[in-house]
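Only one structure is covered here, and it is reproduced in the block below.
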Protein chains: 2
Amino acid sequence: MQKRVTATDVAELAGVSRTTVSFVLNNVPGMRISEETRRKVLEAAQQLDYHPNISAQRLVTGQTRIIAYVERQTPEQAFSDAFLPQVLRGVHDAATASNYEVLFAPVPVENGAERCEYLLRGGHVDGIILSGPRSDDLQLRDLLERGAPLVLQGHWPGVATASVDIDNREAARMAVKHLIGLNHRQLGMIVHAPLAYTAAASRLHGYRDIVESNGLSVDESCIAEADFTPESGERAMEALLQCDPPPTAIFASSDTVAIGAMREAKRMGYRIPEDMSFVGFDDIPMAVYQDPPLTTVRLPAYGLGWAAADLLIRLIAQEEVRERNLLLESELIIRASCGAEL
Amino acid sequence: MQKRVTATDVAELAGVSRTTVSFVLNNVPGMRISEETRRKVLEAAQQLDYHPNISAQRLVTGQTRIIAYVERQTPEQAFSDAFLPQVLRGVHDAATASNYEVLFAPVPVENGAERCEYLLRGGHVDGIILSGPRSDDLQLRDLLERGAPLVLQGHWPGVATASVDIDNREAARMAVKHLIGLNHRQLGMIVHAPLAYTAAASRLHGYRDIVESNGLSVDESCIAEADFTPESGERAMEALLQCDPPPTAIFASSDTVAIGAMREAKRMGYRIPEDMSFVGFDDIPMAVYQDPPLTTVRLPAYGLGWAAADLLIRLIAQEEVRERNLLLESELIIRASCGAEL
DNA sequence: CCCGATTGCTGACACGTGTTAGCATTATTA
DNA sequence: TAATAATGCTAACACGTGTCAGCAATCGGG
């Protein structure tokens, strides 16, 4: 490993001062540099294959130009997170566009705040995108209220922090409207997670909105709760089949859960979509490869990542941000699982 | 945003020199510090909530304690990479265990080497894990030959670089043996990617090994090539069904492709596993939710990430590493798609 | 009582960069 | 011609830390 090439080396080769090298390479505005000198510096830098030392730059500017993507999930949840690649890619692309880099920082659920504190205070990163928040963390609340540059991926009612999410309630309405439009009147819902998860609660709200606005009454026994996994979807489906009469259409608020539910329904002899229709939520890559392919709400995963990073970077730059709580559009993807004309 | 707390502040509060603070907080061996002083320093640090500035540490030590995970794939490939969460988690956990952090750096396929060069020379990171290599990149070869701290996730014949992979050939053998053991004699294979991808070539080798060692001849028309996607799997299956007689068992060297192939076989009226058996490769999360669930070779995704990071960190530390080319164990996961007793 | 060893601590330099204030030199104006 | 302005460049400080060489005070032994 040869010695590092520093700006001083470039300066010597070009026959100018190190200051001049800095001015030329950073295109500092207002500094008058002759074309001749500029050329010499650039040539010297190229010849020596000079790369400025980023740690030194960070030390002196006080900015790291790194943002952290902090994922706050259990390993099991994380492993089956089909969206991470897309979200992360969105984060990265937005970051790169503003000359930022991305630190990947999953964190044990219990000490998320400590880790964020460490990253920010130690000067590891300029800001944080926090995914998978749970609203019961006081330490984290502290951090937010002290004005840490932080964007939530998701939504956290009652805490005034920047966030990026989809309109879960409206998206759920869209899904349920589709079922109603296909003349289903006996509806059931499988909520994909405990209602402490705000996304789950919102999607249930959307379901109620549409059922009620169509003059139908919400049968509470036709609402079952799952717990993220396909297995929990199977059990939830089992419960729904006890309803009398059983629902003819199911809205499951995540595809993963929907897939479990479909398996159970098939096992019990129901044909899909002839006897029972299904709409999921997320549009995970495997949704289209179900038998039958699953109608679902597409989550703009890449866009969520992109928007979160973009918003965070604006906050870091102290830009005046008009809307600190973004809601992205989602889209109903109609497939064969509810028998609509394609 | 209040002023940064520096080691000097801690020193003043504790009534000692900054040097002493450094010695205490870093537990520098050989430095005799009285218990009294040590206590005062630790208290002061705690009271001020001191976090050392990592950029300054990096500048002076010349180490960043960051490794980059460089993903060199097209966005389409990356989006459907069901393993990224697990691999990345493995990388992160191993990194954290050695007090390293992880930079996520996907990179356009065409200028991977430039980006690696930038990351290393600019002092962004101490080393790189490179995933998704293609063997036709000369620039990258240069980088490797100059001894850059780099671990390949995968295998690159003819280039002496550190790497972590599974034994693709042996894993494929395992899969095909299973089919032979179920008394199949008419075998077909769908290679999941062009043979320029070394993993694809190795898996095909494994297939040939077992077919031949069982005294069967490899019918070249019963080998079809796909291109990563399920659609390409459908087309490949279409081709295999032209064989006379058609195969009774298919080894598809990725689950994604296998799923497409199964769909096509079902469409043509074949029952699985009664009329035709399938074995995939990867054990993606959706494999178990196929109808029927797919028998496949499980890739130790987390372990690959972990091992890659661990190896890289040893290389960075100039440790004497016995084996620079690791092969991890994979495992045959038997499900219903080939009719074996469960 | 003196000398060397040990203990506990500190001063000063180095890391590589951004940036401000200012210094020659040349061009422009009165 | 002298005063002023513009041009092109540089010296010097700052960022916050790790660490080496060395200094004062205390201790132990003869």
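Within every chain, numbering begins at 1; the chains are lettered A, B, ... in the order of the sequence lines, protein sequences first and strands thereafter. Predicted, not measured: the structure shown is a model, and the values here were computed from it.
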Subject >> With A:Ile54 via side-chain contact (heavy atoms from CB on, under 4.5 Å) - residues at least two apart >> reply: A:Gln57, A:Arg58, B:His124
Original post:
Mapping A:Thr19 and B:Asn26 onto DNA chain D by nearest heavy atom, which one lands closer to the 5' end?
Top reply: A:Thr19
Between [X] and [Y], does any side-chain N to carboxylate O distance fall below 4.0 Å?
X: A:Arg121; Y: B:Asp49; value: yes
X: B:Glu71; Y: A:Arg89; value: yes
X: B:Arg39; Y: B:Glu43; value: yes

Subject >> Axis deviation across the helix from C:dC1-D:dG30 to C:dA30-D:dT1, five-pair ends, to the nearest 10° >> reply: 50°
Subject >> Residues touching DNA chain D, which here means a heavy atom under 4.0 Å, drawn from residues 30-40 of chain A >> reply: A:Arg32, A:Ile33, A:Ser34, A:Thr37
Subject >> Close approaches to DNA chain D from residues 53-66 of chain A, in residue order (heavy atom, under 4.0 Å) >> reply: A:Leu59, A:Val60
**OP:** For B:Thr6, report the nucleic acid contact type (base, sugar-phosphate, nothing); a contact means any heavy atom under 4.0 Å.
**Re:** sugar-phosphate
Original post:
What is the nucleic acid contact for B:Val16, judged by heavy atoms within less than 4.0 Å: base, sugar-phosphate only, or nothing?
Top reply: sugar-phosphate
**OP:** Kindly say whether, by distance alone, the side chain of A:Ser17 makes a donor-acceptor pair under 3.5 Å with the base of D:dA11?
**Re:** no
Original post:
Do you know which two heavy atoms are closest between A:Tyr100 and A:Asp126, and how far apart they sit?
Top reply: CE2-OD2, 3.7 Å
**OP:** Can you see which heavy atom on A:Asp165 is nearest to which on A:Gly154, and at what distance?
**Re:** OD2-C, 3.5 Å
**OP:** Tell me yes or no: between the side chains of B:Ser17 and B:Thr20, is some donor less than 3.5 Å from an acceptor?
**Re:** yes
**OP:** Report the distance from atom CD1 of A:Ile67 to atom OG of A:Ser98, rounding to the nearest 0.5 Å.
**Re:** 9.0 Å
Subject >> Reported CG-to-CD distance for the pair A:Leu326 and A:Gln153, which is rounded to 0.5 angstrom >> reply: 12.0 Å
Original post:
Can you tell which of A:Leu25, A:Asn26, A:Thr19 makes a side chain to side chain contact (heavy atoms under 4.5 Å, CB included) with A:Phe23?
Top reply: A:Thr19
Subject >> Nearest-angstrom distance from the residue atom CZ of B:Phe23 to P of D:dT17 >> reply: 15 Å
Subject >> side-chain hydrogen bond (donor to acceptor under 3.5 Å, both in side chains) partners for B:Glu319, two or more places apart >> reply: B:Arg314
Subject >> More than 12 heavy atoms of other groups within 6.0 Å of A:Glu323 CD >> reply: yes
Subject >> Within 6.0 angstrom of A:Gln63 CD, more than 12 heavy atoms from elsewhere >> reply: yes
**OP:** Under 4.0 Å from any heavy atom of chain A: name the first and the last nucleotide of DNA chain C that qualifies, 5' to 3'.
**Re:** C:dG16 to C:dT20
